[in-house]
Structures are given as C-alpha cells and as structure tokens.
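Heads up: the structure comes next, in structure tokens.
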There are 2 protein chains.
Amino acid sequence: MTEPKIRNMEDFAAVSGLSRPTVSKYFHDPASVRASTRARIEAALEQYDYRPNIFAMNQNRKLTKNVGIVVPYLADPFFAEIVRVIERRCVEAGLSPFLFNSHGERDYEIDILNTLRSMKPAGVLLAPLGRQSDKSAIEAFCKDVRTVLFDSNLDDFGQAFVGSDNRSFVSQTVEYLTRTGEAPCFFEMETPANPNANKRRLAYIEMMERLNVEPKFVRIKGSGWAFEEIGRQGALKALDETAFGAGTVLCSNDRLAIGLLSACFERGVRVGRGTDCDLRVASHDDHPFSRFTCPALTTSAHDYSAVSDEVVATLFKLIDGGGGLERRTEKLFPARLIMRDSA
Amino acid sequence: MTEPKIRNMEDFAAVSGLSRPTVSKYFHDPASVRASTRARIEAALEQYDYRPNIFAMNQNRKLTKNVGIVVPYLADPFFAEIVRVIERRCVEAGLSPFLFNSHGERDYEIDILNTLRSMKPAGVLLAPLGRQSDKSAIEAFCKDVRTVLFDSNLDDFGQAFVGSDNRSFVSQTVEYLTRTGEAPCFFEMETPANPNANKRRLAYIEMMERLNVEPKFVRIKGSGWAFEEIGRQGALKALDETAFGAGTVLCSNDRLAIGLLSACFERGVRVGRGTDCDLRVASHDDHPFSRFTCPALTTSAHDYSAVSDEVVATLFKLIDGGGGLERRTEKLFPARLIMRDSA
DNA sequence: CCTTTAATTTTACGCGCGTAAAATTTTTAT
DNA sequence: ATAAAAATTTTACGCGCGTAAAATTAAAGG
C-alpha cells in the first residue's frame with residue numbers, strides 16, 4: 001500500500017477529509033456526528049484502522065470510560081466467576097473494565113486504590129478485603145472516586161453496596177437441614193477475614209435460638225486464603241475428636257466445605273442424606289466447584305447474575321447521575337437453596 | 001491544612017523548590033537524581049502526597065512500565081493461579097501489570113490486543129486461546145508489541161515461548177500407571193480448544209507405541225470452557241457404556257478428571273489403587289483443586305513457580321534488550337509426578 | 001586554587017487529544 | 001424563497017507530562 005502512515009488523529013482526520021475535533025467527537029460518541037460524516041469516518045477507519053491514543057484521550061476527558069474492578073483474591077473461583085460476569089456487562093455497556101487483584105494483602109489493596117485514583121475512572125466496583133482493609137484509606141478513596149462496594153460491606157463507605165443477604169443464606173440451609181433431619185452445627189474459621197462470615201455466624205445463632213436449639217460451633221484455626229486446605233486440616237482434627245457429634249454440619253462457605261468433604265473421604269466418613277451415611281454437610285455460596293464435590297454439595301447459591309447486573313446498574317446510575325446518588329443505597333439479594341447429595 | 005493544593009507536577013515541583021523536569025526524572029527513576037534532591041522530593045511527597053497523572057506520563061514516555069497479561073479464561077483456576085504468581089513478580093520488579101481475560105472468545109481476544117496496542121506496554125505476556133485465536137491478528141500484534149507467549153505455543157509468533165513440556169507430563173503418568181498396574185486409556189475432548197491437548201495426545205500415542213500397547217481413547221463431545229461439566233457428562237456416558245474397559249484412565253487435564261471423578265462417585269465406581277477399587281484415574285496440570293477431589297487426584301504438576309519466573313525473566317530480557325531478543329526462544333519445563341490416592 | 005570533565009538541573013518544545021466558543025452548514029418555519 | 005433556529009463543524013487553546021539540548025553545578029585532577 002502507498003497509504004500515508006496515520007500517526008495521530010490529525011492525520012486520520014486529514015485522510016477522512018474532516019477536522020480533528022469532528023473525529024474526536026465521533027470517537028467519544030459516534031451518534032453525535034451527522035450520518036454522512038459518520039459514514040466517511042467509518043470508511044476511512046476500514047482503510048487505515050487507526051485507533052486513538054488511549055492515554056491522550058483519558059488525560060483530558062472529564063470522565064474516562066474506565067471502570068476499576070477490585071477483588072480481594074482472584075484465584076478464588078467465586079470471585080473469578082462474579083468478576084467474569086461483571087466484566088462482560090461493562091464491556092456490553094461500552095465501558096473499559098480494568099481488573100485488579102488485592103492478593104489478599106492490605107498493601108496491595110492500598111496500591112490498587114492509588115493506581116485507580118490516578119486513572120480517573122468513571123467508577124470503581126470494589127470488593128474489599130474486609131478485616132484486613134485499611135479502612136481510612138478506603139474511606140478517603142470513596143470520597144474522591146465514585147465507588148460501589150460489593151460482596152463485603154464496609155461501614156458506610158462508597159455510594160452503594162450490592163451483595164447477598166447472608167441471613168437468607170443461613171436461614172434456608174438451617175431450616176432445610178432441621179426440617180429434613182436435625183439442626184446443624186456450624187463449621188467456620190476462628191478469625192474469618194470477611195465480614196460476611198460474621199453475619200453468617202450471627203444468622204446461625206439467631207436461627208438456632210428461634211428453633212430453641214443450642215448453637216454448636218466447630219471453629220478452626222488458620223489464616224490466609226487457602227480455605228480448602230484450612231477446612232481439610234480443621235475437619236481432620238474435628239473428625240478425630242468427634243467434634244461433629246450431631247451428624248449435621250453447616251459450613252460457613254463452600255471452600256471450607258470442599259476441604260471438609262475431602263477430609264471425610266480420607267477418613268472413610270460417608271457424607272449424604274441416606275440412612276447409610278454418617279454425616280450431612282451443607283454450605284453457602286454455590287462455588288463453581290460445589291457441583292463436582294463427592295458427594296455434590298448442598299448449598300445456598302448467590303444469584304450471581306442478579307448481583308452482577310445490580311452492581312453494574314448501580315454504577316450506571318452513579319455515572320449518569322453526574323455527582324452520584326442522593327444517598328447511599330444497600331441492595332441485598334436472597335439466596336437460593338440448591339439441594340444436592342451431601343445433605 | 002493551609003497547604004496550597006497540588007494540581008500537577010508543576011505545583012509539586014514548586015513546593016519542593018525544584019524544577020518540574022527534575023521531579024519528572026525522580027518519578028521515572030529515583031536513583032537518577034542527587035541524594036539531596038531526592039530527600040527534598042520525598043519530604044515534600046510526605047507532606048502533599050502528590051501522584052503524577054498516569055495518562056500524561058504514559059503518553060510521552062518512550063516505554064511505559066505497563067505489562068499486559070492476557071489469559072484465555074480467568075475463571076479457570078489454573079490460569080488464575082499462574083496469573084497470580086506472574087502478577088506478583090511484575091510488581092516486585094516495578095512494573096504495572098494489567099490483567100485481561102479473553103473470556104474464551106475470539107472477539108474478546110482481538111479487542112484486548114487492540115487495547116494493549118494503544119497502551120504501548122513495555123511487553124505483553126500472552127496465553128492465547130489456541131484453536132479459536134485469530135492467528136493473523138496475533139501475528140500482526142506480535143510484530144508491533146514485544147510479546148512473550150506462555151501456556152499455549154502458537155506457530156512462531158512472539159519473541160519467546162515459555163510453557164510446560166507436555167511430553168514430560170504424559171510420559172511420567174503413562175510410565176507410572178503402566179509400571180504399577182496397566183497402561184491407561186486416554187480420556188479427552190474430541191475437539192480440544194488448546195494446542196497442549198493435541199501435544200498430550202501425541203505424547204500418549206508415542207508412549208504407548210514404545211510400550212507396544214495399543215493406544216485406546218475415550219473421546220467426548222463438548223465445547224466451551226466448562227470442562228468439569230463436559231468431563232462429567234462424557235464420563236457418565238462412558239461409564240454406562242463401560243468404555244473404560246481397561247480400568248485405568250489418563251485424563252488430558254485435571255478439569256476433565258474432576259468431572260470424571262464426580263461421575264464415578266455418582267455411579268458408585270470406586271476410584272483408587274487399592275484392590276477393592278474399580279478404576280484408577282490420573283491426569284495432568286496439578287490444578288489447585290486436584291488436592292481436594294475424592295479421592296485426591298494423582299497428576300503431573302506444572303512447575304508454576306519456574307514457569308512464572310521464566311516468563312517474567314524473559315520479559316525483562318526483552319525490555320532491557322531494547323529491540324528484543326536476537327532470535328525466538330522456547331523454554332519448556334518438565335512436569336513433576338504427584339502421587340495421590342486416585343491412581 | 002584553577003581547569004577540565006562529569007553529573008545534574010533547567011530551558012524550551014512537543015506529544016495527542018478534549019472542549020468551549022465561534023463559524024458554518026443544514027433544517028424548519030413562514 | 002428566506003429568515004430563524006438547530007445541528008454540526010472548525011478555530012483556538014490548554015491539559016500534564018517527557019525529553020533533547022543548553023546551562024549550571026559538582027567532582028576530579030594537577
């Protein structure tokens with residue numbers, strides 16, 4: 001080809017026979033230029049496949065189309081899955097999602113917030129670490145950048161919170177287990193990283209009191225994000241000490257349950273609701289792998305799709321609203337009980 | 001505070017008592033300014049916590065410190081895990097990793113490459129989709145941007161490839177299974193998305209021929225990235241048709257194996273190497289969950305750490321080398337057999 | 001202590017684009 | 001057809017920073 005090299009929007013406008021600002025308008029919103037102009041630009045686009053410099057664009061734009069998505073630990077399939085859906089929604093809406101992983105560490109989270117601040121994003125979807133978060137850093141960030149919290153609520157930071165209703169999760173599993181057998185004991189980490197874990201514990205206690213049954217806990221040690229291994233080790237110890245006396249266990253979350261099921265298999269403890277079984281196990285989250293445990297895990301499912309939709313919808317409200325919402329909103333979605341073979 | 005508001009580097013340089021370009025040098029490389037100058041900047045930094053505009057910085061920089069990391073499907077824990085390690089290595093080295101997920105789709109991958117091109121990254125670490133990739137798009141991209149391919153090799157694109165040695169994976173599992181029992185049949189998808197799957201099949205055939213045993217395949221239908229479910233459905237069908245005759249199965253990858261184990265449990269097929277077992281199952285990848293299947297999965301492990309280190313080291317060579325490497329390199333890491341209870 | 005050389009800082013300019021306001025063209029109403 | 005209104009395009013300027021080259025300062029050598 002003997003086409004002249006297109007180095008910037010100026011060059012591209014020249015070959016399109018238009019002025020640069022007109023082309024600029026087109027890239028900001030193709031509908032904002034006349035149809036005939038749009039056609040000319042798109043024709044030139046085919047021929048030269050020019051793309052605006054992303055940095056120069058964002059530098060001066062009042063509002064970039066960037067959206068930050070921050071999760072505490074991306075190697076957790078639960079977050080990988082929810083992020084997968086959210087990211088797609090953003091792209092469909094013409095936004096540019098940027099994905100950040102806090103790696104379970106306070107310092108990473110702080111660095112990410114600083115990076116995001118300098119990216120001047122249209123909005124940020126933040127699932128905070130929880131207990132480990134630097135609350136004052138997050139509070140300061142939320143004042144500067146329009147932020148929607150999801151998964152874990154943190155004080156009243158951000159313009160909105162979208163998550164699942166932990167009480168709904170627990171009430172359904174406890175009710176089901178009790179109705180079809182006996183009230184469960186609660187299997188959880190001693191010092192959970194995530195505020196949802198605390199809410200689930202409280203909901204468990206509340207449910208048990210309503211049923212007039214003494215709440216019973218198996219609390220295991222451990223830190224970090226290797227919940228399956230923590231659950232497995234804790235369960236091995238508990239099994240050896242016959243701590244699950246009752247015969248029905250409700251795990252705080254599916255990852256612990258996966259470890260527990262692995263320990264049961266290793267110890268020859270039969271899990272399920274059959275008469276020949278030793279233990280019933282249920283849990284919360286509907287982790288992507290809970291379908292494939294042995295036996296398949298009975299669990300309370302997040303409405304991944306509804307949560308993702310609401311998170312992105314809230315973000316749009318923030319963006320369109322200009323200055324943000326009038327007041328902070330909290331939206332919680334109920335769980336759906338998924339009965340499988342483990343309980 | 002009555003401090004003047006710092007709006008840009010000019011302001012910040014003023015309160016530091018320096019010129020803006022000196023401050024600019026500092027941010028590019030703190031060691032490039034005199035110690036006394038550095039001290040003054042850092043003192044001012046404490047007081048005003050200014051951060052340079054990331055877009056303006058990258059716009060003019062010959063080489064940004066951005067690194068693109070692209071994986072075909074982030075909700076696959078295998079990729080989540082390897083990305084987790086790579087990302088940390090990059091941060092430790094002072095680079096800014098940006099994570100992209102191709103969502104298993106050709107169009108996403110193309111869009112990501114376009115976005116990356118406009119980000120003028122110092123380098124890109126690309127795990128391509130494989131069969132679904134738009135080869136010419138990737139080829140063109142690799143010519144413009146210094147790229148290290150990992151996980152899946154694709155023709156001779158990019159400046160280097162880093163991955164695992166599929167033959168090493170398969171030879172160890174086949175050898176082990178054969179030595180401790182009998183030669184396995186091979187469980188795989190009919191039309192795998194990933195070139196590694198093809199290499200594993202060829203390695204299996206080669207190993208079997210060397211052992212003078214007829215290769216035997218169970219090939220299952222399915223498309224997409226829900227490998228566990230595909231494996232489960234395929235295994236249910238195969239079990240019902242007693243297609244695993246031999247009693248020893250080698251799965252192309254752990255995710256299929258997870259589905260297979262789930263199917264075995266459902267059908268009451270006992271998996272393991274004990275005399276009371278019906279089937280031995282082994283696989284490849286050492287997926288983060290393979291430790292927690294029931295029974296725990298015998299598998300060939302990637303050397304995640306070595307691969308990650310090498311990927312990042314290769315990237316550094318590219319960056320430091322300025323124009324890149326003299327010639328394309330390929331580095332393959334051998335697998336490590338992990339004996340667990342499934343075989 | 002003075003000159004030469006090296007290290008550092010400043011001057012001066014440009015990057016690629018957004019955007020308000022001015023100029024132009026197109027559409028609508030008369 | 002023509003004036004008024006609306007839509008669109010162009011002019012003109014600035015954003016925040018990188019960087020080559022010039023100017024300055026510090027270090028080295030005699």
Side-chain angles (χ1 to χ4, degrees), chain A residues 4-42 44-45 48-66 96 114-115 117-122 322, chain B residues 4-42 44-45 48-66 96 114-115 117-122 322:
Chain A
K5 291 283 176 211
I6 305 295
R7 302 223 155 277
N8 53 37
M9 198 181 274
E10 192 83 53
D11 288 1
F12 180 75
V15 299
S16 315
L18 296 164
S19 72
R20 187 183 57 69
T22 301
V23 175
S24 170
K25 276 201 77 177
Y26 167 84
F27 279 110
H28 187 69
D29 176 10
S32 69
V33 301
R34 209 173 308 172
S36 59
T37 308
R38 187 162 58 244
R40 287 168 70 179
I41 292 177
E42 275 158 8
L45 222 42
Y48 299 95
D49 92 311
Y50 155 79
R51 284 179 57 100
N53 179 307
I54 194 174
F55 298 115
M57 273 180 62
N58 288 332
Q59 175 176 14
N60 301 319
R61 195 121 61 185
K62 287 279 164 64
L63 214 62
T64 69
K65 295 205 168 186
N66 301 331
S96 301
N114 282 330
T115 299
R117 201 194 296 265
S118 69
M119 286 180 71
K120 291 180 188 164
Chain B
K5 291 283 177 212
I6 305 297
R7 302 224 156 275
N8 53 36
M9 198 180 275
E10 192 84 53
D11 288 1
F12 180 73
V15 299
S16 315
L18 296 164
S19 73
R20 188 183 56 71
T22 301
V23 175
S24 170
K25 276 201 78 176
Y26 168 84
F27 280 110
H28 187 68
D29 176 11
S32 69
V33 301
R34 209 173 306 170
S36 59
T37 309
R38 187 161 58 244
R40 287 168 69 180
I41 293 177
E42 276 157 6
L45 222 42
Y48 300 94
D49 90 312
Y50 156 79
R51 285 179 58 102
N53 179 306
I54 193 173
F55 299 114
M57 273 180 61
N58 288 332
Q59 173 176 15
N60 300 319
R61 193 116 67 182
K62 286 278 162 64
L63 213 62
T64 70
K65 296 205 166 183
N66 301 332
S96 301
N114 283 331
T115 298
R117 202 193 295 265
S118 69
M119 286 181 69
K120 291 180 186 163

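In what follows, chains carry the letters A, B, and so on, assigned in the order in which the sequence lines appear, proteins first and then strands, with residues in each chain numbered from 1.
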_Heavy-atom closest contact (B/S118 atom, A/F55 atom, distance)_ = O-CE1, 3.7 Å
*Please list residues of residues 30-41 of chain B whose heavy atoms come under 4.0 Å from any atom in DNA chain C, ordered by number; otherwise none.*
B/V33, B/R34, B/T37
*Quick one: side chain to side chain contact (heavy atoms under 4.5 Å, CB included) partners of A/K120, sequence neighbours excluded?*
A/T64, B/N53
*Who pairs with A/Y26 by side-chain hydrogen bond (donor to acceptor under 3.5 Å, both in side chains), at least two apart in sequence or on another chain?*
A/E42
*Using five pairs at either end of the helix from C/dC1-D/dG30 to C/dT30-D/dA1, determine the angle between the two local helix axes and round it to 10 degrees.*
10°
_Inter-residue atom distance B/N60.CG - A/Q59.CD, 0.5 Å rounding_ = 8.0 Å
_For a 4.0 angstrom threshold against heavy atoms of chain A, report the outermost contacting nucleotides of DNA chain C in 5' to 3' order._
C/dG16 to C/dT26
*With sequence neighbours left out, what residues match B/R117 under side-chain hydrogen bond (donor to acceptor under 3.5 Å, both in side chains)?*
B/D144
Expected list for residues 9-19 of chain B: side-chain donor-acceptor pairs under 3.5 angstrom, two or more places apart:
| from | atom 1 | to | atom 2 | distance (Å) |
| --- | --- | --- | --- | --- |
| B/D11 | OD2 | B/R7 | N | 3.1 |
| B/S16 | OG | B/F12 | O | 2.6 |
| B/S19 | OG | B/T22 | OG1 | 3.1 |

*Under 4.0 angstrom, heavy atoms only, what part of the nucleic acid is B/Y50 near: base, sugar-phosphate, or nothing?*
sugar-phosphate
*Kindly state which residues belonging to residues 19-29 of chain A come within less than 4.0 angstrom of DNA chain D, counting heavy atoms of the residue only, listed by number.*
A/S19, A/R20, A/P21, A/T22, A/K25
*Could you name each residue pair satisfying salt bridge (Lys or Arg N to Asp or Glu O under 4.0 Å) that touches residues 27-41 of chain B, not counting sequence neighbours?*
none
